[in-house]
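What follows is a set of notes on a single structure, which appears directly below.
Bear in mind that the values here come from a model prediction, so they are computed numbers and not experimental data. Remember, it's 1-based here, ligands and their atoms both numbered in the order they're listed. Note that the numbering runs from 1 along the sequence shown for the chain.
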Amino acid sequence: MADKTNLDLTCINTIRTLSMDAVQAANSGHPGTPMALAPVVYCLWQQFLRFDPEDPIWPNRDRFILSAGHASMLLYSMLHLTGVKAVSKDYETLGEPSVPLDAIKHFRQLDSRCPGHPEYRWTSGVETTTGPLGQGLANSVGMAIAGRWLAANFNRPGFEDLIDFNIYALCGDGCMMEGISAEAASLAGHLKLPNLCWIYDNNRITIEGNTALAFSDDIATRFIGHGWNVTRVGDANDLEMLARAFRTFQNTRDRPTLIIVDSHIAYGAPNKQDTSGAHGEPLGEEEIRLTKRIYGWAEDAKFYVPDGVYDHFRNGISKRSKELRDKWFARVKEYRAKYPEPAEQFYRMMHRQLPEGWDKGLPTFAADPKGLATRDSSGKVLNALAKNVPWLIGGSADLAPSCKTRLTFEGAGDFFAESPAGRNLHFGIREHAMSAVLNGMALIKVRAYGSTFLIFSDYARSAIRLSSLMELPVIYVFTHDSIGVGEDGPTHQPVEQVASLRAIPGLIVWRPADANEVVEAWKVIMKQHHAPAVLILTRQALPTIDRSKYGAASGVAQGAYVLADAPNGKPDVLLLATGSEVALCLEAYERLKADRIQARVVSMPSWELFDDQPPEYRNRVLPPDVTARVSVEQASIFGWAKYVGVTGHSIGMRSFGASAPLKDLQKKFGFTIEQVVAAAKEQLKK
Ligand SMILES: Cc1ncc(C[n+]2csc(CCOP(=O)(O)OP(=O)(O)O)c2C)c(N)n1
Ligand SMILES: [Mg+2]
């Protein structure tokens with residue numbers, strides 16, 4: 001493709017016009033950037049990307065991420081023109097196309113495979129959900145990390161190329177302005193990820209107008225500072241220079257590469273090119289006609305794919321990649337014969353299965369009034385699990401010693417540029433990028449976890465939300481979960497974080513009450529392959545509950561369970577709690593019992609799992625006729641009304657915390673046995 005042949009241009013203009021027509025038909029969307037970047041993506045896919053449209057989940061494929069997700073029609077046009085096949089949720093390739101022309105005609109309409117922004121698990125060939133700017137870039141770093149880790153762990157002599165895929169991410173000014181791109185680029189540069197290539201669309205346009213309004217970074221200098229290789233293409237239409245830039249990336253084996261491409265948004269549109277007006281609204285029928293005329297296109301044809309275009313892609317990306325893909329599977333056969341054990345591990349990992357014996361050797365904790373912090377019990381469980389599940393890997397945003405997420409057993413190792421087989425990652429103080437990196441790692445199908453203090457989950461929130469939207473089984477370990485942090489004070493004491501995480505659809509939020517609940521929670525989490533989990537853990541010690549006296553910790557699997565009951569099984573008042581407040585409720589329960597009051601304590605480590613139980617179970621645990629109810633949680637009371645009802649009472653936080661020893665805070669904010677007992681008695685007066 002050294003020469004820009006007519007067929008090249010026809011293909012490029014097909015991408016452009018499909019995008020223009022789809023946005024016009026939807027009467028919403030972003031036409032300008034697909035028009036500008038069509039040659040960039042065309043060159044990359046047709047000549048370089050190792051991606052077989054017939055098998056879009058081939059594990060060693062290169063990944064292409066459209067971090068500028070608003071330009072979704074660019075990706076949909078490619079998925080359509082290259083004939084990418086649909087894949088079921090069970091990883092079976094279906095015969096039908098992922099993006100038929102009809103889906104493009106229904107861009108942005110209900111149930112179309114072409115939603116407004118690309119959505120993973122909805123449209124095959126979409127490698128990650130993008131739209132919130134910068135996320136895709138950080139995802140790409142996670143994918144590149146996982147690629148390096150897989151290569152280091154699974155490649156063998158004679159099979160050095162078993163895993164050697166590259167990650168390409170396309171971004172714009174918005175991605176570059178977002179802080180997450182700096183976090184992600186900094187981490188990628190530090191880790192010297194050679195399998196990572198970002199393409200920056202330097203069109204100098206965002207929604208409000210020219211980037212001169214708000215952005216004057218010298219991007220090249222910034223990335224050189226991050227330790228990247230930086231190269232430039234002065235004209236997005238120059239296929240030769242683009243190809244040269246991609247070759248530069250492929251030949252750069254000691255660091256990531258940034259390709260800065262100067263482009264013209266809405267290239268070819270006589271009145272809209274280089275204007276922000278082409279960013280996020282249809283060009284208009286007349287402008288489309290004029291633009292098509294300039295392209296030498298049939299002015300009135302809509303969704304037109306000229307003869308030869310499909311064939312050209314079939315003979316290009318498809319043929320080239322199918323050969324690579326078939327060769328790879330043949331090699332895997334040889335690999336399996338020679339190295340059956342890692343081959344089996346690889347297969348299970350790629351299908352999100354667990355290895356045999358994944359739960360062997362998990363600790364159990366004896367009753368102990370002094371007990372231990374749930375961060376400590378979790379650290380023990382994580383280490384036991386990680387010994388059994390070789391691809392359970394992760395790290396912390398500089399808080400592993402506090403969050404207890406370090407893998408300490410022999411051979412766990414650290415993931416560094418020079419030791420990419422290690423299992424302890426160091427994300428640095430970059431919570432947002434860490435979380436999006438975890439998403440990227442999970443997309444490559446390692447089981448990824450990351451930790452920080454619960455208070456800083458706010459920094460990570462937009463990536464956590466995407467874990468959930470993508471149904472990725474990322475595990476977030478958030479410790480220092482309440483005013484229990486004590487003297488660190490209100491800046492470090494989470495109040496509204498638990499409620500706000502519970503508000504994210506599909507996210508499983510856990511707040512276990514003791515060490516054995518931690519074990520049971522981890523067991524459930526490990527078996528959930530399509531839901532992210534947040535484990536909310538204490539810094540302070542919690543008693544290990546005497547299970548011979550109270551309910552079994554296995555009740556955790558139902559999300560909530562009866563821990564202590566009225567002697568006759570017919571309680572007059574319910575005490576509901578999570579985490580550190582469960583032990584408090586047990587003490588209140590004993591006091592009430594001494595006063596001959598029939599109370600029940602319900603531990604509710606996961607609201608989401610409980611809400612998923614059949615109504616019979618829920619009504620058994622929370623009998624509808626018992627309306628005297630008290631909830632106790634050292635967090636915002638937001639949401640508890642769902643369980644205590646309009647007449648119930650919630651002991652919780654209604655303000656920020658304060659800096660003081662924990663005992664003083666508990667008194668100040670009402671987390672005492674006396675307060676719980678008093679609230680229960682008050683409820684019984686109703
Ligand atoms: C985190 C985030 N903030 C804001 C937006 C809304 N938004 C979508 S596109 C865009 C402008 C992006 O400009 P640029 O990346 O240069 O894209 P171009 O217009 O050049 O395609 C904005 C602000 C978003 N999608 N994500
Ligand atoms: Mg721009």
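- Scanning all protein heavy atoms for the shortest distance to atom 10 (C) of ligand 1 gives I207 CD1, 3.6 Å.
- Between R121 and E471, at least one side-chain N (NZ, or NE/NH1/NH2) sits under 4.0 Å from a carboxylate O, which counts as a salt bridge.
- Figure legend: cation-pi geometry between R16 and Y267 absent, as NZ or CZ is not positioned both under 6.0 Å from the six-membered ring centre and within 45° of its axis.
- If you check which protein heavy atom lies closest to atom 21 (O) of ligand 1, you get T33 OG1, 2.4 Å.
- Shown in contact with P132 at under 4.0 Å from a heavy atom are these atoms of ligand 1, numbered in order with element: 26 (N).
- For atom 17 (O) of ligand 1, the closest non-hydrogen atom on the protein side is H70 NE2, 3.1 Å.
- Interface atoms of ligand 1 facing G172, defined by a heavy-atom separation under 4.0 Å, are 15 (O).
- Checking D201 against the Mg ion (ligand 2), every N/O/S atom stays at or beyond the 2.8 Å cut-off.
- For the Mg ion (ligand 2), the nearest N, O or S atom contributed by D173 is named OD2.
- At distances below 3.5 Å, not a single donor-acceptor pair connects side-chain atoms of E281 with backbone N or O atoms of H30.
- The number of heavy atoms from other shown groups lying within 6.0 Å of CZ (R108) is above 12.
- Residue H30 does not touch ligand 1, judged by heavy-atom distances below 4.0 Å.
- Atom OG1 in T82 sits 9.5 Å away from atom NE2 in H80 (nearest 0.5 Å).
- The six-membered or imidazole ring of F165 lies away from that of F51, with a centre-to-centre distance of 6.0 Å or more.
- Nearest to atom 16 (O) of ligand 1 among the protein's heavy atoms is I205 O, 2.8 Å.
- Counting only heavy atoms of the protein, atom 9 (S) of ligand 1 lies nearest to H279 CE1, 3.2 Å.
- Residues Q135 and T129 are not in side-chain contact: their nearest non-hydrogen atoms beyond the backbone lie 4.5 Å or more apart.
- Those atoms of ligand 1 that come under 4.0 Å of a heavy atom in T206, given as number and element, are 13 (O), 16 (O).
- The Mg ion (ligand 2) does not have T206 among its coordinating residues (no N/O/S atom, backbone or side chain, under 2.8 Å).
- Interatomic distance, NE2 of H492 versus CZ of F456, reported as 4.0 Å (0.5 Å rounding).
- For atom 15 (O) of ligand 1, the closest non-hydrogen atom of the protein is G174 N, 2.7 Å.
- The aromatic ring centroids of W297 and Y304 lie less than 6.0 Å from each other.
- Atom numbering of ligand 1 starts at 1 in the shown order; those under 4.0 Å from a heavy atom of E178 are 1 (C), 2 (C), 3 (N).
- Residue G131 has at least one heavy-atom neighbour below 4.0 Å for each of these atoms of ligand 1: 24 (C), 25 (N), 26 (N).
- Note: Y168 and F249 meet the aromatic proximity criterion, with ring centroids under 6.0 Å apart.
- At a threshold of 2.8 Å, the Mg ion (ligand 2) has no backbone or side-chain N, O or S atom of I265 nearer than that distance.
- A salt bridge links K292 with D21: the distance from a Lys NZ or Arg NE/NH1/NH2 to an Asp or Glu carboxylate oxygen falls below 4.0 Å.
- Numbered from 1 in the order shown, with element, the atoms of ligand 1 that lie under 4.0 Å from a heavy atom of N203 read 18 (P), 20 (O).
- When the heavy atoms of L133, T211, D201 are ranked by distance to atom 8 (C) of ligand 1, first place goes to L133.
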